[in-house]
Every structure is written in structure tokens, then in C-alpha cells.
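Worksheet: the structure to be examined is printed underneath.
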There are 2 protein chains.
Amino acid sequence: MVSKQIAMTTIELKEAGLKATLPRLKILEILESSTDAQRHMSAEEVYDLLRGQDDKIGLATIYRVLTQFEAAGLVTRHNFEGGHAVFELNQGEHHDHILCVKCGRVEEFVDETIEQRQQNIAKEHGYTITDHSLTIYGICGECQAGKV
Amino acid sequence: MVSKQIAMTTIELKEAGLKATLPRLKILEILESSTDAQRHMSAEEVYDLLRGQDDKIGLATIYRVLTQFEAAGLVTRHNFEGGHAVFELNQGEHHDHILCVKCGRVEEFVDETIEQRQQNIAKEHGYTITDHSLTIYGICGECQAGKV
DNA sequence: AGGGTAATGAGAATCTTTTGCATTTGCCTA
DNA sequence: TAGGCAAATGCAAAAGATTCTCATTACCCT
């Protein structure tokens, strides 16, 4: 039921300290219902998906809301290559990304050793970590296999 | 002597398979003479430096040349946070970055353990690595010390 | 030195993201 | 539950970064 979905997202927004407005609910819904293959979406993609289901929400609002979600810790913004940022719903633990430069597929991974080393490196340089981003670019198995 | 500098950069360009034009020589010179504190420059910054020494080179050319340099392996483009790319001359070995979100300082580091783990992760996922980028964001010692 | 080709400059165009402002909506109180 | 205020939204314009177009200029080869 849509109403139950909405009810849940309303609570999430309230908990994040954000007023539960319709645009915010819709955007959060889009992010939560995204499949693995499209967990990483640009503002434009969210905009198009919402237009597709004829909830017209202004692009400016999408940007504003995603930025607020980021500040509230609900989503993470990634500056992968390509000139536009992509957003991902925060769920589960922190992870890094490996993406295919041919087909654009994005996969996630967690590596405790790397996490640990990063902490050490920051300490050695006298930094307090606020964030970090590790992205491996490569060619995925499928793309190596053939079709391009 | 400037002429010796030019002579050297000319050779570098030729070796990279690029015609040795004046704009390319000037841009390469700027990159090579940059201090550690400004090894990572945006196209706009290169443009301003060149204007400062009254070699007026169009911004479009800066972008074109930097992109060619990247393709030729002379420089690396980084998409740090902040909406604009920065370029860095390739010299010495590969390295990653740790940067201060307060003052913008960028430092470099190399960690063999992390490099190794990345290779393993790529292999586990069936990828052939073409590139990777690890950036740690934090607050440097100086900025923690005081002056916001 | 002369010519063909590739490179450059300037500005227009494009793309992504932000902002200003009038209008609307969520939420709290009476 | 209605009323009102502050916050949120939509639209259009602006801003910032990067790319493209095309006429002009500069390399490089012979």
C-alpha cells in the first residue's frame, strides 16, 4: 500500500528533523524503492522518475531536498567522473565503490583493512577524518567478455 | 633560463606525441614550476597564472590542452568535491590524497597495503582496473589548532 | 620559404547546480 | 478543526564549469 510506504517515510523524515512535505516524501520513496542497479542516481534521474509517475516536482526542489538529505545523513553524495553528482541512500554500513567505465555499473564493497589503513594515514598526517571516498574504475567481467 | 626550460618541455611534448605549440609549452611550464602547495590546479587557476605573466591563453585552450595532457598521461584529473576538476602533473609514483575541508590544503600519500587490497578487490569482482581514486577528507592539524 | 593541417581564440552554447521571489503547504495553537 | 506563520516549493533566471563552432593563426614538413 502506498499509504503505509508514505507513513514510514514520514517517520524517517521527522526523525531526521525535516518537515514531512510531499516532495520530500516522494523523493525518499524513489530512493528507497530503487533497485540495486540504480542505487546511485543523479538529481536529474530522480526528477525523470518522478515525472514518469506524474508527480511533477521541480528540479530545483530535487536539488534542495537531496542536499538537505545529505546534511541530515540520509543520503551520500558521490562525485564520480562525469560532471554530475550521484546520490545514494544511506543504509547498511559504509562502503566504497568499484565501477565499470564501459557500462557504468556500480558495485559496492567493504574492506576493513583499507578502512584501518586510512585511519592510520590520517593520524600520521595529523588529520581528523570527516569523510573519505575510494572508487576503483575498471572494466567489469561482462564488458571484458565481449559486446561493446 | 627560460629557453632551456622551453627546450625541455618541447621534448616532453614531442615524446607524448603532441605538437609543441606555445600554449602547450606555457601550460606545461606552469605545471612544472608549481610549488607543492599548488600542485593541484583547476583550469581557471592555470588560466589566471598565465594571464598574470601576460601570456594570454584562452580558457578554452587550457581545457583542451589539459584534456590532451590527461589522455597522453602527462597529468591526472581529479574530481574532488567542489564542482570543478583539478589537474596535477604526473611525476614520481602513483599516490592518493588527503585534503583539508577547511583550508583546502592537499597532501599526498602512498600506501602499498591499500594498493594491494584494491587489486584483490577488483579481481574478486571480476574487474580489470583502469584507474582508482582514494581521497580522505578531514581537518588538518593547523585548522584543528585554532583559526577557523 | 610555402602550404597543408592541426591548434588557437573568442564567444556562443551546453550542462549542472543554485538562487530570487511570488505562491503554496505543513504544522502548531487556540 | 480553522487560522496563521514560517518554511518549502515552482519557475525562471543566474551562475559556474566545460565544451563547441568557426574564422584565424601557427607548427612542421619538404
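These numbers come from a predicted model, not from an experiment. A note on names: the letters A, B, ... follow the listed sequences, proteins ahead of strands, and every chain is numbered from 1.
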| query | Nearest to the side chain of His84(B) - dG9(C), dC11(D), dA17(D)? | reply | dA17(D)
Taking only N/O atoms, report every protein-nucleotides 25-29 of chain D pair under 3.5 Å with atom names and distance.
from	atom 1	to	atom 2	distance (Å)
dC28(D)	OP1	Ala20(B)	N	3.0

| task | Working to the nearest 0.5 Å, report the span between CG of Asp131(A) and CZ of Arg77(A). | result | 12.0 Å
| field | Rounded distance in Å - CG (Asn79(A)) to P (dT16(C)) | value | 14 Å
| Rounded to the nearest Å, what distance is computed from the OH atom of residue Tyr47(A) to the C1' atom of nucleotide dT9(D)? | 13 Å
| Given dG9(C), dA17(D), dC20(D), the nucleotide with the shortest approach to the side chain of Thr61(B) | dG9(C)
| field | Partner of His97(B) under ring pair (Phe, Tyr, Trp, His ring centres under 6.0 Å), chosen from Tyr137(B), Phe109(B), Phe80(B) | value | Phe80(B)
| task | Looking at every strand, decide which applies to Ala43(B) at a 4.0 Å heavy-atom threshold: base, sugar-phosphate, or nothing. | result | nothing
| Passes side-chain hydrogen bond (donor to acceptor under 3.5 Å, both in side chains), Glu45(B) versus His40(B)? Steps please. | CA-CA 9 Å; Glu45(B) 284 170 331; His40(B) 304 80; over 6 Å; no
| field | Atom-to-atom span, CG of Asp55(A) to P of dG10(D) - whole angstrom | value | 10 Å
| field | Rounded distance (Å) that lies between atom P of dA7(C) and atom CD1 of Ile62(B) | value | 16 Å
| message | What is the separation between atom OH on Tyr63(B) and atom P on dT8(C), rounded to the nearest whole Å? | response | 16 Å
| remark: Ranking Gly82(B) and Ala60(A) by the position along DNA chain D of their nearest nucleotide, the one closer to 5' is Ala60(A)
| field | For atom CG of Leu13(A) and atom C1' of dA8(D), their distance in whole Å | value | 13 Å
| said: Nearest 0.5 Å, please: how far is CD in Gln116(B) from CD in Gln118(B)? | reply: 10.0 Å
| said: Rounded to the nearest 0.5 Å, what separates atom CZ in Arg39(B) from atom OG in Ser34(B)? | reply: 6.0 Å
| When the distance from CD of Glu45(B) to P of dG16(D) is rounded to whole Å, what number comes out? | 15 Å
| request: For Glu107(A) and Tyr127(B), test the side chains for any donor-to-acceptor distance below 3.5 angstrom and give the result as yes or no. | output: yes
| Any donor-acceptor pair under 3.5 Å joining the side chain of Arg64(A) to the base of dG10(D)? | yes
| CG of Leu66(B) versus P of dA17(D): gap in Å, rounded? | 15 Å
| said: Checking ring pair (Phe, Tyr, Trp, His ring centres under 6.0 Å) between His132(A) and each of His95(A), His94(A), His78(A), which is the one that passes? | reply: His94(A)
